[in-house]
Amino acid sequence: MAVKEMFAIAPEWNEVRRQPSGPTEIEFRNVGKCFPAKGKAAAPFAIRDVSFKIARGEVVSIIGPSGCGKSTILNMGSGLYRPSEGEVFVGGEAIDGPVKKVAFMLQKDLLMPWRSIRRNVELGLEIQGMAAAERRVIAEDLLDRCHLQGFADHYPFQLSGGMRQRAALARTLAMDPQVLFLDEPFSALDAQTKMVLQQDMARMLFEEKKTALFITHDLVEAIAMSDRLLVMSARPGTIIEEIVVDLPYRENPLERRKLAEIGPLAGRLMDLLKVGEDTELD
Ligand SMILES: Nc1ncnc2c1ncn2[C@@H]1O[C@H](COP(=O)(O)OP(=O)(O)O)[C@@H](O)[C@H]1O
Ligand SMILES: [Mg+2]
C-alpha cells in the first residue's frame, strides 16, 4: 500500500513531521458570542460554549456550515470582537483588545492599489517606524520566498489573483506574527493556483514554526494542511468533533493529498457536516 511504501522509504517522516506539542498558544475557554437581532429582546447566540487549545507551531482548521461562527471565532482571537461569555487567550494573555502578535489573512487580499507590491509588503513595517533600508531587505526576502521576484515594482492591478494573494501572504509574514488567522485565504482562487499557494503557505508555516488557525470550506484542503480539525455545528455554532490528522507531510500538502487516507477522512467530515442533506458549507 502506498502509505506503507512511503514510510519504508522515509521512516523519519513520521517522527520529524509530527504535530508539535509545545505550550498552548491559543485558548478559547467556554466562549459564547451573541449579536443583537432586530425585533428580538434577547440577542441570540451566534456561537456557544466553544472551547479549544492550540499548541505553539500547530496548524488547526475549523470547518462548519455557513454562518456557524467561524469568522466570529477568528475575530475574537484577534481582539476585534469581544466574547459575550468565556475567555480567549493568545500566548497566555487574556485578549481584551486588538493584539499585535496575531495577523489576519482573508479571501480578499486588501492590497492598496496605489502602492507597489514592495510597498504593500512594507506597509506594516513602515507604520511601525522601521527604517527604509531595513524594511526593504525584509520585503525583498519575502517577495523571493513567495515567488514574486521581478514583481516588486508592479501594482496590484497588474497581478493575477494568485499573485495578489502571494503578496498578501508576504505582507502578513513581514510583521513576523506569532499567530496567523487565515479566513478562507484561497477560496477565490482556481483549483491549481490554490494548490500551489497551499504548498508555499504550508512550507512557510512549518519552517517558521508559526501557529495558525485556518478556516476553509474545502475539506481536502483542511486535511492537507492541518495537524487537527475542529468541526462545528450549525448556528449557534459549537465544536462537535475534533479530529487529529495523523498523517505525514504537513509541510507538503501536495504529497499529503496523494495519501490513501485522504478519501475516508474527507468522507467522515462530509458525514459530520451532513453534506448533501441540508447543510450549506461556507
Ligand atoms: N458584526 C456582526 N453583527 C451581527 N451579526 C453578526 C456579526 N458578525 C457575525 N454575525 C452573525 O453571526 C453568525 C456567524 O457569522 P460568521 O462568523 O461570519 O459565520 P461563518 O464565518 O461561519 O460563515 C451569522 O449569523 C452572522 O450573521
Ligand atoms: Mg466566514
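Note that the numbering runs from 1 along the sequence shown for the chain.
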Peer 1: Do we see a donor-acceptor contact under 3.5 Å between the side chains of S71 and D183?
Peer 2: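 Yes - a donor-acceptor pair under 3.5 Å links their side chains.
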Peer 1: Return yes if a side-chain donor-acceptor contact under 3.5 Å exists between T216 and E184, otherwise no.
Peer 2: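 Judged by distance alone, the side chains do not pair up.
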Peer 1: Should the pair E122-R135 be classified as a salt bridge under the 4.0 Å nitrogen-to-oxygen rule?
Peer 2: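 Judged by the 4.0 Å cut-off on N to carboxylate O distance, E122 and R135 do form a salt bridge.
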Peer 1: Treating Ile, Leu, Val, Met, Phe, Trp and Tyr as nodes and any side-chain heavy-atom pair under 4.5 angstrom as an edge, say whether I117 and L125 lie in one connected cluster.
Peer 2: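 Hydrophobic grouping puts I117 apart from L125.
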Peer 1: What's the shortest heavy-atom distance between M105 and M201, and which atoms?
Peer 2: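 Residues M105 and M201, closest heavy atoms: SD-CE, 4.0 Å.
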Peer 1: Does the salt bridge (charged side-chain N to carboxylate O under 4.0 Å, His left out) test come out yes or no for R115 and E126, once each step is laid out?
Peer 2: CA-CA 13 Å; R115 283 185 157 239; E126 201 177 309; 2.9 Å; yes
Peer 1: Side-chain donor-acceptor pair under 3.5 Å between N30 and E85, yes or no?
Peer 2: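 No - no donor-acceptor pair under 3.5 Å links their side chains.
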Peer 1: So that I can tick it off, tell me whether R145 and D141 are bridged by a salt bridge, with the cut-off set at under 4.0 angstrom between side-chain N and carboxylate O.
Peer 2: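 Salt bridge flag = yes for R145 with D141.
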Peer 1: Just checking, any donor-acceptor pair under 3.5 angstrom between side chains of Q198 and R257?
Peer 2: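 Side-chain D/A pair, Q198 to R257: present.
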Peer 1: Under 3.5 Å, is there a donor-acceptor pair between the T211 and E58 side chains?
Peer 2: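 No, no side-chain donor-acceptor pair sits under 3.5 Å.
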Peer 1: Strictly under 6.0 Å, is that where the ring centroids of F206 and Y249 end up?
Peer 2: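 Here the rings of Y249 and F206 have centres that are no less than 6.0 Å from each other.
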Peer 1: Does E25 come within less than 4.0 Å of K53, counting only side-chain N to carboxylate O?
Peer 2: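 Salt bridge: no.
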Peer 1: With no hydrogens and no angle check, do the side chains of N75 and T72 hold a donor and an acceptor under 3.5 Å apart?
Peer 2: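 N75 vs T72: no donor-acceptor pair found between side chains.
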Peer 1: Do NZ/NE/NH1/NH2 and the carboxylate oxygens of K210 and D176 come within less than 4.0 Å?
Peer 2: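 Counted as a salt bridge, because a side-chain N and a carboxylate O are separated by less than 4.0 Å.
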